[in-house]
Amino acid sequence: MAPDSSSIDDPLFDAGHHIFANKDLLKTGHVPEADRIVGRDEEISKLATRLNGAVHGYSPENVMVYGKTGTGKSLVSRHVCQRARNAAQDGVTIGTAYVDCAEDDTETQAVSSLAAKLNDEAETGISVPHTGLSTSKYYKLLWETLDAQYDSTIVVLDEVDLMDDDSVLMKLSRAEEAGKITGSIGIIAISNKIQYIDDLNERVKSSFQHKELFFKPYDANQLREIMYNRRDAFREGVLSEDVIPLSAAFAAQEHGDARKAIDILRHAGEVAFEEEADTVREHHVRQAQQHAEKDRFRELVSGAPTQAKAALLALTELSINASGDAFLTSQVYDQYERVCEFLDMDVLSVRRFRDILKEQAFLGVVEIEKINKGSAGGIHLQNRLIEDAQVVRETILEDARMGDWASE
DNA sequence: CCTCCACTGGAATGTGAGGCGT
DNA sequence: ACGCCTCACATTCCAGTGGAGG
């Protein structure tokens with residue numbers, strides 16, 4: 001928790017860090033100052049237009065914000081909220097609240113956290129308990145709070161698609177016309193899924209439709225600028241020239257996710273530190289990238305269903321023990337039967353087994369090539385692991401149900 | 001150019017879990 | 001509590017595939 005720069009003279013914890021000056025700047029939750037937001041000017045102004053009403057005491061519009069992770073959706077939303085608060089005309093007060101629906105994923109939790117965040121007890125005299133009330137009570141508290149304090153309220157619901165249902169959206173969007181509150185309310189709903197709006201209740205849908213805002217992934221130039229803005233996380237002169245451009249290039253390949261870009265940069269710093277290098281260089285970035293790649297891969301494998309793991313285990317076994325690195329489906333299936341028998345699992349049909357391998361190919365864990373052996377055997381698929389077989393094997397064996405296989 | 005091999009992949013169908021309206 | 005629907009996962013069946021080798 002404490003910043004690296006705190007200088008407690010304990011030899012166990014090195015006095016200073018020779019790579020990082022302020023590592024916090026590279027934390028995922030770090031919010032940069034307004035003038036450091038890169039390449040999102042258009043999105044900022046569009047979002048502001050929608051919320052413009054609030055500043056003048058009218059009703060703001062609802063907005064649905066789409067975009068992949070790490071494209072600045074939350075950042076821009078928070079930023080615009082803050083600007084709206086500051087820009088509020090004389091006599092107009094604006095309340096803003098941000099709810100992460102990944103944390104508060106039920107209706108009650110979301111409403112209670114909204115009420116708690118918007119309520120200033122000193123001013124309203126209302127106290128909002130963290131738990132214990134019924135959902136409707138929390139709504140009532142929320143309406144009271146809003147009436148007591150604000151002319152307009154902007155609510156940001158981040159990752160709404162993780163919400164268990166859309167009743168919060170429903171009730172919030174209708175609060176004004178249903179006369180629950182005297183002021184107005186605007187919702188910024190943020191979602192990673194483009195189709196999210198299709199699953200919504202018709203009423204909610206209509207209040208968000210045609211008010212969507214898309215966030216494009218960052219390109220390499222923008223990523224580079226984002227990283228330059230945080231270069232003071234490192235000590236001066238520690239970053240060599242090509243580190244940031246290279247990290248940006250890697251991250252741009254990975255769908256333009258700014259979060260990943262920063263991760264790679266931080267990782268590169270950590271690698272350099274562990275190597276006791278004086279500067280962060282290109283090869284540290286490459287190593288960090290590989291590390292990230294491996295992490296992603298491990299996540300894929302460890303998250304796979306049991307049967308898929310058994311299939312992969314069969315493939316790793318062949319890759320390690322047999323010659324060659326690509327194997328016919330029938331060979332892998334034979335091995336898979338042995339694995340299942342040993343682990344006392346159900347043996348799936350060949351047909352299903354083929355589909356499982358195909359899924360893994362889609363995820364990028366295995367690679368499948370079609371070959372034809374002619375009159376010697378017709379059409380076959382050759383399955384090959386993309387990552388190192390040992391790595392895959394170790395990851396699978398971490399699974400309790402698979403562990404026994406380690407004893408052959 | 002035709003055959004032929006052994007697997008591929010589409011389609012139909014079955015099954016259990018979980019959500020939804022009544 | 002109830003049937004109804006959808007979804008993910010799995011099985012069975014079988015026509016289709018396409019290059020090596022005659």
Side-chain angles (χ1 to χ4, degrees), chain A residues 101-102 104-111 134-136 157 159-174 189 191-208 299-319 322-386 396 399-402:
Chain A
C101 302
D104 301 319
D105 62 351
T106 66
E107 188 183 357
T108 320
Q109 279 172 28
V111 183
S134 67
T135 313
S136 56
L157 295 174
E159 303 196 67
V160 258
D161 45 311
L162 296 181
M163 203 76 169
D164 59 350
D165 59 18
D166 54 10
S167 39
V168 177
L169 279 179
M170 171 89 175
K171 292 197 176 111
L172 288 181
S173 62
R174 286 182 41 75
S191 164
N192 295 326
K193 290 197 215 139
I194 309 287
Q195 336 83 309
Y196 178 65
I197 200 163
D198 297 335
D199 310 338
L200 292 176
N201 180 304
E202 284 301 323
R203 278 225 197 91
V204 182
K205 218 193 256 182
S206 65
S207 76
F208 280 97
E299 219 163 276
L300 267 182
V301 174
S302 64
T306 318
Q307 285 290 354
K309 281 182 184 164
L312 289 173
L313 192 53
L315 191 50
T316 59
E317 215 57 33
L318 286 174
S319 309
S323 59
D325 66 346
F327 305 91
L328 302 182
T329 308
S330 51
Q331 288 176 283
V332 187
Y333 187 73
D334 284 350
Q335 182 67 37
Y336 158 80
E337 280 183 309
R338 256 171 269 149
V339 171
C340 285
E341 199 183 328
F342 185 87
L343 293 174
D344 201 21
M345 290 171 51
D346 293 341
V347 180
L348 300 182
S349 65
V350 198
R351 183 67 187 80
R352 175 70 188 134
F353 184 75
R354 271 206 298 274
D355 280 345
I356 287 178
L357 284 178
K358 214 171 158 187
E359 274 164 36
Q360 294 305 310
F362 176 75
L363 292 173
V365 180
V366 297
E367 192 174 63
I368 299 179
E369 192 192 352
K370 209 174 200 174
I371 57 157
N372 195 321
K373 293 192 172 188
S375 48
I379 296 195
H380 301 258
L381 297 181
Q382 271 198 329
N383 306 276
R384 193 175 66 78
L385 279 171
I386 289 175
I396 298 173
D399 188 321
R401 287 161 297 189
M402 299 284 147

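Below, read A as the first sequence line, B as the second, and so on, with proteins coming before strands; counting in each chain starts at 1.
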> Just to confirm, is there a sub-4.0 Å distance from OP1 or OP2 of C:dT11 to any side-chain nitrogen or oxygen of A:Arg352?
Replying inline: no
> Within the pair A:Lys373 and C:dG21, is there a side-chain N or O less than 4.0 Å away from OP1 or OP2?
Replying inline: no
> Just by distance, with hydrogens left out, do A:Thr306 and A:Arg401 show a side-chain donor and acceptor under 3.5 Å apart?
Replying inline: yes
> When you check the side-chain N and O atoms of A:Tyr336 and A:Gln307, is any donor under 3.5 Å from an acceptor?
Replying inline: yes
> What are the residues of residues 343-351 of chain A, sorted by number, that bring a heavy atom to within less than 4.0 Å of DNA chain C?
Replying inline: A:Val347, A:Leu348, A:Ser349, A:Arg351
For atom [atom1] of [X] and atom [atom2] of [N], their distance in whole Å:
{"X": "A:Leu357", "N": "B:dC7", "atom1": "CG", "atom2": "P", "value": "14 Å"}
{"X": "A:Arg354", "N": "B:dG10", "atom1": "CZ", "atom2": "C1'", "value": "11 Å"}
{"X": "A:Tyr333", "N": "B:dC7", "atom1": "OH", "atom2": "P", "value": "12 Å"}
{"X": "A:Asp334", "N": "B:dC7", "atom1": "CG", "atom2": "C1'", "value": "13 Å"}
{"X": "A:Glu359", "N": "B:dG9", "atom1": "CD", "atom2": "C1'", "value": "14 Å"}
{"X": "A:Ile356", "N": "C:dA8", "atom1": "CD1", "atom2": "P", "value": "15 Å"}
{"X": "A:Asn372", "N": "B:dC4", "atom1": "CG", "atom2": "C1'", "value": "11 Å"}

>> Please report the interatomic distance CZ(A:Phe342) to CG(A:Leu313), rounded to the nearest 0.5 Å.
In response: 10.5 Å
>> Going by the rule side chain to side chain donor-acceptor pair (under 3.5 Å), which residues pair with A:Ser191 if we only count those two or more places apart in sequence or in a different chain?
In response: none
>> Counting the atoms with a prime plus P, OP1 and OP2 as sugar-phosphate, which does A:Ile371 contact under 4.0 Å by heavy atoms, base, sugar-phosphate, or nothing?
In response: nothing
> Where the side chain of A:Tyr333 meets the backbone of A:Leu328, is there a donor-acceptor pair that is under 3.5 Å apart?
Replying inline: no
> What nucleotide, of B:dT8, C:dG19, B:dC7, holds the atom closest to the side chain of A:Leu381?
Replying inline: B:dT8
> Closest to the A:Gln307 side chain: B:dC7, B:dC4, C:dA10?
Replying inline: C:dA10
> Are A:Glu359 and A:Arg352 ion-paired here, with the side-chain N under 4.0 Å from a carboxylate O?
Replying inline: yes
